[in-house]
Amino acid sequence: MARFDEDDAFEGAVSLSARAMARTGAGMRPEPYLDGLNPAQREAVETMDGPVLMLAGAGTGKTKALTCRIAHLMTTGRAQLNEVLAVTFTNKAAREMKDRIGALLGGSIEGMPWLGTFHSVCVKLLRRHAELVGLKTSFTILDTDDQIRLLKQLILAANMDEKRWPARMLAGLIDGWKNKALTPDRVTGGETAAFDHRGSELYAQYQERLRTLNAVDFGDLLLHMVTIFQKYPDVLERYQRWFKYILVDEYQDTNVAQYLWLRLLAQGHKNICCVGDDDQSIYGWRGAEVGNILRFERDFAGAKVIRLEQNYRSTEHILAAASKLISGNEGRLGKTLWTEAQGGEKLRLIGHWDGEEEARWIGEEVEALSRGTRGMAPYGLESQAILVRASHQMRAFEDRFLTIGMPYRVIGGPRFYERMEIRDAMAYFRLAISPEDDLAFERVINTPKRGLGDKAQQKIQIEARENGVSLVEGARLLLAQGGISGKGAGQLRAFVANVDRWNAVVRAASPAAARSPAEDDDELFEVLDDAVPPANDHSHLRLAEEILEDSGYVAMWQNDKTPEAPGRLENLKELIKALEQFENLQGFLEHVALIMDNESKDSEAKVTLMTLHGAKGLEFPVVFLPGWEDGLFPSQRSMDESGMKGLEEERRLGYVGITRAEEVCYVSFAGNRRVYGQWQSQMPSRFIDELPPEHVDVMTPPGLNGGGYGSGYGQSTLGSQIDARAASADVYNSPGWKRLQTRGVQSQTPSRPRAVTVENEFDVGDRVFHKKFGYGEVMGTEADKLVVEFDKAGTKKLIASFVVPADTADDVPF
DNA sequence: AATTTAGTCCTTTTT
DNA sequence: GGACTAAATT
C-alpha cells in the first residue's frame, strides 16, 4: 500500500541504489534488463539525456521501457532514486512501476519518494510550501462531495436559484478553469458569461472560502504548485536542480496545468521523458489536451521521438480490427502496430434482441469459456472482462450474474471511501484532528440525530459568522449564552465536549501535527532525509473506535433495522482495520483523500466488470464489449457536446477497448434497450461498420433485423454481411456454436417476427398486452412508438414492437 | 423534527 | 428505474 509518510521512503531508496552499485562493482553484468528489450525500447532506455517523447502504442511494452529506463539511470550512476521525478495518473500505475523497479534493481523497496500520481506528488510539495499561497501546512483535501456542498452554500448566499444553477455545474466550470491553470482573476473572455455571468465571481469566493477553511480541492493541488513555481523562482530552481530526471506516464492525458507544471520543472536540464499514445487519449472531457503531445517537440527543441510499435499483447486479428477502427481518426501522430503473432481468433460480433438478452448471452458465454466448452482451452473467470461505456450498463450484468450465481467484481463502482458511513466516520476523525473543520462539523452535527435540526444549525451558523469563529466555537458561545433550548442543548453540549476530548487525545499523541513548514530551502531536502517515522503504537486505533462509540454513531447503525445496516457496521470495522497501516489519523485521512481505490484481494476467480475508461492500461485474454449502439457508444452526449472531436474520442475509446484483448474479443449490440425506464430501439454503432470484415466473425442470430441494423451507415460493409451471414447461418454450423443456435431458436425466434412486424399496426383505442406492464389501452401513436395507458402500470410511452394485441397475448411465450 | 410521499430530473467517462 | 428534493403528514 502506498504511504504518505513522505519521509521514510528515503532510507530504502538510498540503500537500494547502493546495493545496485555494489553489484556493478562486483563484476556482474550491470544491465541484465537490457537484454529483454527490442531495439526501439532499448533506444528509449539508453537515451537518457535531453527531452524524449516515447510514442508507445497499446501493448508495446512501455512500462517495461519506462522502468528499465529508471533502473538504467541508477546503474549508470546518473541519479539517485530520490532524484527522479516520475508521475503517473493512477495509483495503480504508480504501484506497478514501483514493484517493477524494485524487481529490476533486485530488492523490494517501499519506493521512490517522487514516484506517484500528479496529485500525490503535488501534495508533498504543497505541504512544504503551503504558506506561499496562504495555507497552513496542515491543509485538508476536500473531495467532490465537500466541494459541492460548499458551492451550494455560495450559490444560495448569492441569491441564485440552485435549480437553474446547480452546484454541480459550477463545480464542473471551476474544475475546468483549474485544469487550464486559470486563477479567478485570469478567467476571461467568453468564460465570464458562464453561470449567469457570476461564474468567476463565485469562483473567487470559493477560493477565498477554501483558504479560510485551510482546504484545497483536487484541482488546487496542481494550480497552487504552478502558482508557487511561477511566483517564486527560487523555489522552482531548487526543484529543477533536485529532480535530475523527469518521467511522465500517459502523457496524452495531461491537462494544461499539469503541462505547465512539468514544463516549469524540466526547464533547467530538460531531461524529461514523456510516454504517451495519442490514440489512447480518452480524457479530453476532463481537460486533457492531446495537443500537449504535439507541443512537446516545439517546447523542447531537439526532442528525440521514439516509437514503440511492436505489440506483444494481441492476436493479429484483434490488432488489425483495432488498427482499422482507429484509422478513421484524423490528425493522428501515426503509428503502425505490428505483431509476430499469427492466426488466433477473429473479433466476434453478435447482435441481441435487447440489453437483458445481451447480458444473458454474455453470462453464458463467460461460463462456457471458463469450462472450455467452446473448442478452446478454458479461460478462467479472472481472465475475462466485460468493458462497458457507461457505468449504468453494469446493472444488467450484475443482475444477471447474481441470478446465475456467477462471481464477478466491479471495478470503479461505488467505492469504499465514498460510502455514506465511511464518509461520516471520516468526518468525525477530521473533527477530532481539527475541530475548526466546519464542513466535517456540518456533516455529523446531527448524525446520529441529536435533535439539532435546521433551526438550531442556523443559529450556530449565525453565531459563528458574527464572531468570526468556527462552528464548534460558535456552538460553544451559543451554549454559554443559553441561546439554545431544551433537549438539543444537552446534546450539543455533549457533542462539543466530545470533540474537545478527542482533539486533546490527538494533540497528545502527535505534537508533530502542528509542525511548521520548512522555512528555508536548504533544510528542505535534509528534513526529508533525516525524518524518522515515529513508533506506531496503534493508539489511534483506540481513539478511532472511541470516537465512533462516544458519538453514538455505531449505536445508530446497531439500532437501525434496515437490511443494509449490518453491512455498514461491517464497513466501519474494515475502516478501523485499514487504520492499522498508518501511524495516525492524519496520515490515514491524507491517504484516503488521494487514494480512493478499493481492490478486494480475495482469491476467488471472478469476471471483471468495468468501464472502458477504467480498463486503460489493463489486459485480459478474453474481453467483451457490449452496447455498441449509436447514442450509447459512441455516446450521444459526447457527440452533441464536442462534435467531431467527441466522436474521435469515442473512437479512441473503442480502440482502447479492443486492444485490451489478448486472444478473444467480442463486440455486441442490442436492438432494444431501456433508457431512463423507457424502451428505445437502438441502431448498431457506426463503429461496427468501421471494423474490417476480414477480421471479424459475425455471429448474429437470425430474425434480428427489427432493431434496424444493416440499414446502417456509410458503405455498411459489415451491416450487410450480418444479414447475409445470419441468413445462411453457416456460422452456427461450425462446431463451437451449436449450442448457441439451439438456445437462440428456442428462446427468441417465436416472438421476434411477430414483434417486429406489428409496428404501426395499432390505433388509438386498441387493447394491447405488454410482458411487464400487462394489459392496457393505446392512447396515442407516433411513428413506431405508442402511448399506452396500462390498467395497472399507468401511462407509458414505448416502442410498438413491445406490445401485442391483447387478444393474441396468450400466443406469445414471453 | 422526523418520516413519508410525490414529483423532478436524469446519465459518460474520474485523479 | 432510481437518486434527489420539496412538500405533506405524523
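Note on naming: letters A, B, ... go to the chains in the order of the sequence lines (proteins, then strands), and numbering restarts at 1 for each one.
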Any side-chain N or O of A/Lys152 under 4.0 Å from OP1/OP2 of C/dT5? yes
On DNA chain B, compare the nucleotides closest to A/Ser638 and A/Lys455; which residue's is nearer the 5' end? A/Lys455
Separation of atom CG in A/Asn255 from atom P in B/dT14, rounded to whole Å: 17 Å
Around atom CZ of A/Arg168, are there more than 12 heavy atoms from other residues, nucleotides or ligands closer than 6.0 Å? no
Just how far, in rounded Å, is P of B/dT15 from CD of A/Glu289? 20 Å
Nearest whole Å is fine: how far is B/dT14 P from A/Leu612 CG? 10 Å
Send over the distance from A/Met225 CE to B/dT15 P, rounded to a whole Å. 22 Å
Rounding to a whole Å, what distance do you find between A/Asp640:CG and B/dT11:C1'? 13 Å
Measure from the side-chain heavy atoms of A/Tyr283 and tell me the nearest of C/dG2, B/dT15, B/dT14. B/dT14
d(CG, A/Leu632; C1', B/dT13) in whole Å: 12 Å
Is there a donor and acceptor pair, one atom on the side chain of A/His613 and one on the base of B/dT14, closer than 3.5 Å? no
With no hydrogens and no angle check, is any side-chain donor or acceptor of A/Asp220 less than 3.5 Å from a backbone partner on A/Asp217? yes
Look at A/Lys616 together with A/Asp253 and state whether they make a salt bridge at an N to O cut-off of under 4.0 Å. yes
Determine the contact category for A/Glu641: base if any of its heavy atoms lies under 4.0 Å from a base atom, sugar-phosphate if only primed atoms, P, OP1 or OP2 are that close, otherwise nothing. base
Could you give the CD1-to-P distance, from A/Ile411 to B/dT15, as a whole number of Å? 12 Å
On the nucleotide B/dT14, are OP1 or OP2 found under 4.0 Å from the side-chain N or O atoms that A/Thr611 carries? yes
Please give the distance between the C1' atoms of B/dT11 and C/dA6 as a whole number of Å. 22 Å
Taking the minimum atom-to-atom distance to the side chain of A/Lys449, which one of B/dT15, B/dT3, B/dT13 wins? B/dT3
Report which part of the nucleic acid A/Asn446 touches: base, sugar-phosphate, or nothing (heavy-atom distance under 4.0 Å, all strands). sugar-phosphate
How many whole angstroms separate atom CZ of A/Arg395 from atom P of B/dT11? 14 Å
Do any side-chain nitrogens or oxygens of A/Ser391 fall under 4.0 Å of OP1 or OP2 in B/dT13? yes
Are the aromatic rings of A/Phe669 and A/His352 close, with centres under 6.0 Å apart? no
Give A/Tyr676 one of three labels, base, sugar-phosphate or nothing, depending on what nucleic acid heavy atoms sit under 4.0 Å from its own. base
B/dT15 pyrimidine/purine six-ring stacking with A/Phe118, under 5.5 Å and 30°: no
Using 4.0 Å as the upper bound for N to carboxylate O, is an ion pair formed by A/Asp354 and A/Arg673? no
